[in-house]
Amino acid sequence: METRRLGRTGHESSVAVLGAAAFWPATPEDAEAPFTAALAAGVNHLDIAPSYGNAELAIGPHVPAVRDRLFIGCKTMRANPDGVRAQLEESLHRLGCDAFDLYQLHAVTSLDELDRRAQAAEAVLQARDEGLCRFVGITGHDLGAPAAHAEGLRRYDFDTVMFPVNPRMWAEPQYRADAEALLAAAAERDVGVMAIKAGAARPWAEGADRWATTWYEPHDDATALARGIEFALSVDGVHAFCTPGDVALLPRALDAAARCTPMASAERE
C-alpha cells in the first residue's frame, strides 16, 4: 500500500488509516481477524476514540504486540481540561500505550464549538508538552468543519487536521471553498491532512434500514466505494483517508486503497 508523509509529523502513513469506529460493537475476539488483516494489507496508522463504543476495549489487547508498527491517533470530545486529561489517561491504559503518536480535539464543527473547547485545546497541547502524545490535531464531521479547523490552525499549533472529503461535499461551493482554504493553510504550515467520509454516498434517510454501522449511508458497490476513495486521495494536499466505520466494508476499502490510481483533475470535476 502507498504511504505518504503526514505533514510535519514525518510519519510515512499508509494512505488507508484504520478507522476503529468499525469496532464499535466488537469484542477483542471479534476484532482480532480484521485488525490483523488490516496490518497485513499494509496499514500502519490507527484512528480510535473513546466515543467509538467498545473500540478501545476491543482493539486494546491487540496493540502492545504491534505498537512499534502503528502510528496511533486518539481523540477527546471533552471540554473540561481535567476531563480531557482523565480521558487521555484512560485511553492510554486501555490501549496499553505510554504515549500516543497523535491526540486530537474531536468533533469541532463550528467557531462556537472551537470557542467552547478552548481550555480543552490547551490541555491537549499541554499533553504534547508533557510527552503523553507526540503530536496534536483537530477533527470534525459536518459542513462547518473546514472553516472551524482553519481558525483552529490560526489559534493553536496543531500538527494535523481531519475532515470530510468526498465528491458530494465538494459539489457544495461554500464547503469546497472552505475546504480548499484549509488545505492551503495546512500546506503552508506543513500540517498533516486526513480525510473522512470518502466512502459516503449520502446521509441515512429517515426510517432507512441501516445495513451498515457507519453514521452515514456508505456506497455498497465496490466500484463506487473505490471511486470515492480515489477521489479523496486525489485531492491535492490529502495524505490519507480513514476506512469506513463498518467491518464488512473494511476489505473493500483496503483493496481500493491498494489499487488506487490518481484521478486527473477533469475526472474529479
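For the single chain, residues carry numbers from 1 onward in sequence order. Computation of the quantities below employed the complete heavy-atom set of this structure, encompassing side-chain atoms and omitting hydrogens, waters and symmetry-equivalent molecules.
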Q) At what distance, to the nearest 0.5 angstrom, does CG of L111 lie from CZ of R155? A) 6.5 Å
**Q.** side-chain contact (heavy atoms from CB on, under 4.5 Å) between T76 and V124, intermediate numbers included
**A.** CA-CA 9 Å; T76 183; V124 169; 4.3 Å; yes
Just list the side-chain donor-acceptor pairs under 3.5 Å for residues 241-250, sequence neighbours left out, or say none.
from: T243; atom 1: OG1; to: V17; atom 2: O; distance (Å): 3.3
from: T243; atom 1: OG1; to: G19; atom 2: N; distance (Å): 2.9
from: D246; atom 1: OD1; to: A248; atom 2: N; distance (Å): 2.9
from: D246; atom 1: OD1; to: L249; atom 2: N; distance (Å): 3.3
from: D246; atom 1: OD2; to: T213; atom 2: N; distance (Å): 2.8
from: D246; atom 1: OD2; to: T213; atom 2: OG1; distance (Å): 3.2

Q | H45 side chain to S13 side chain, donor-acceptor N/O pair below 3.5 angstrom | A | yes
Q: Taking side-chain hydrogen bond (donor to acceptor under 3.5 Å, both in side chains) as the test, write out the residues that go with Q119, two or more places apart.
A: none
Q: Given side-chain contact (heavy atoms from CB on, under 4.5 Å), test W215 with R210 step by step and report yes or no.
A: CA-CA 9 Å; W215 289 298; R210 296 198 174 199; 5.8 Å; no
Q: Please work out whether the ring planes of F158 and Y156 are parallel, tilted or perpendicular, with thresholds of 30° and 60°.
A: tilted
Q) Are more than 12 heavy atoms from other residues, nucleotides or ligands located less than 6.0 Å from atom CG of D98? A) no
Q) Can you list the residues that meet the side chain to side chain contact (heavy atoms under 4.5 Å, CB included) rule with E172, with sequence neighbours excluded? A) R168, Y175
Q: Check the hydrophobic clustering (I, L, V, M, F, W, Y; side-chain heavy atoms under 4.5 Å; chains of links allowed) and say if F163 and L143 are grouped together.
A: yes
**Q.** All side chain to side chain contact (heavy atoms under 4.5 Å, CB included) counterparts of R94, not counting sequence neighbours
**A.** E56, L57, E90
Q | salt bridge (charged side-chain N to carboxylate O under 4.0 Å, His left out) between K197 and D142, intermediate numbers included | A | CA-CA 10 Å; K197 292 187 168 69; D142 294 342; 5.5 Å; no
Q.
Test of understanding: with salt bridge (Lys or Arg N to Asp or Glu O under 4.0 Å), list the residues that count as partners of E113, not counting sequence neighbours.
A. R116, R117
Q.
Rounded to the nearest 0.5 Å, what separates atom CG in L70 from atom CZ in F100?
A. 11.5 Å
Q.
Strictly by salt bridge (Lys or Arg N to Asp or Glu O under 4.0 Å), give each pair with a member in residues 102-111 just once, sequence neighbours left out.
A. none
Q) Other hydrophobic cluster members with M162, side-chain heavy atoms of Ile/Leu/Val/Met/Phe/Trp/Tyr under 4.5 Å, chained? A) L6, F71, L102, F135, M194, I196
Q | Connected via hydrophobic side-chain network under 4.5 Å: M1 and V193 | A | yes
Q) With hydrophobic residues grouped by side-chain heavy-atom distances under 4.5 Å, do Y52 and L46 end up in a single group? A) no
Q.
Just so I know, are the side chains of V136 and Q104 near enough to count as touching, which here means a heavy-atom distance under 4.5 Å?
A. no
Q.
Applying side-chain hydrogen bond (donor to acceptor under 3.5 Å, both in side chains), can you list everything that pairs with H11, at least two apart in sequence or on another chain?
A. N44
Q. Are V84 and L125 grouped together when hydrophobic residues (ILVMFWY) are joined by side-chain heavy atoms under 4.5 angstrom apart?
A. yes
Q) Taking atom types as modelled and ignoring hydrogens, do the side chains of E130 and Q126 form a donor-acceptor contact shorter than 3.5 angstrom? A) yes
Q) Step by step, would you call N54 with T27 a side-chain contact (heavy atoms from CB on, under 4.5 Å)? A) CA-CA 7 Å; N54 292 336; T27 65; over 6 Å; no
Q) Measuring from H62:NE2 to I59:CD1, what's the distance to the nearest 0.5 Å? A) 6.0 Å
Q | Residues in ring pair (Phe, Tyr, Trp, His ring centres under 6.0 Å) contact with H219, at least two apart in sequence or another chain | A | none
Q) Under the side chain to side chain contact (heavy atoms under 4.5 Å, CB included) test, which residues partner D190, sequence neighbours left out? A) R5, R8
(Q) Keeping D47 on the side-chain end and L18 on the backbone end, is there a donor-acceptor pair under 3.5 Å? (A) no
Q) Atom CG in L105, atom CZ in R78: separation rounded to 0.5 Å? A) 13.5 Å
Q: Locate the shortest heavy-atom distance separating P64 from G60; write the atom from each residue and the value.
A: CD-O, 3.2 Å
Q. For the residue pair A99 and G131, what are the closest heavy atoms and their distance?
A. CB-O, 3.4 Å
Q | Closest contact, heavy atoms only, A127 versus L88 | A | CB-CD2, 3.6 Å
Q) Should the pair R134-D159 be classified as a salt bridge under the 4.0 Å nitrogen-to-oxygen rule? A) no
**Q.** Shortest non-hydrogen contact from A58 toward A26
**A.** CB-O, 3.6 Å
**Q.** Closest contact, heavy atoms only, R69 versus L39
**A.** NH2-CB, 3.6 Å
Q | T139 and H106 side chains, donor-acceptor separation under 3.5 Å | A | yes
Q | Pairwise distance SG(C133) to CD1(I72) - rounded to 0.5 angstrom | A | 12.5 Å
Q: With side-chain contact (heavy atoms from CB on, under 4.5 Å) as the test, would you mind laying out the steps for C260 and V15 before giving the verdict?
A: CA-CA 10 Å; C260 182; V15 292; 5.9 Å; no
Q: Could you state whether Y103 and M77 fall into the same hydrophobic cluster, counting links through intermediate Ile, Leu, Val, Met, Phe, Trp or Tyr residues with side-chain heavy atoms under 4.5 angstrom apart?
A: no
Q. Is it true that E2 and R4 make a salt bridge, defined as a side-chain N closer than 4.0 Å to a carboxylate O?
A. yes
Q) Tell me, which pairs form a salt bridge (Lys or Arg N to Asp or Glu O under 4.0 Å) where one or both residues lie in residues 21-36, sequence neighbours left out? A) none
Considering only distance and modelled atom types, tabulate donor-acceptor pairs under 3.5 Å from the side chains of residues 223-233, sequence neighbours left out.
from: R227; atom 1: NH1; to: E267; atom 2: OE2; distance (Å): 3.3

Q) Can you tell me if S234 uses its side chain to pair, donor with acceptor, with the backbone of M263 under 3.5 Å? A) yes
Q | Salt-bridge criterion met for R189 and D157 (N-O under 4.0 Å) | A | no
Q. If you take all heavy atoms of L182 and H149, which pair is closest and at what distance?
A. CD2-CB, 3.8 Å
Q) Nearest 0.5 Å, what's the OG-CD1 distance between S91 and I48? A) 8.0 Å
Q) Judged by atom type as modelled, is there a donor-acceptor pair below 3.5 Å linking the side chain of W204 to the main-chain atoms of Y216? A) yes
Q: Inspect the surroundings of CG in D236 and state if more than 12 heavy atoms from other residues, nucleotides or ligands are less than 6.0 Å away.
A: no
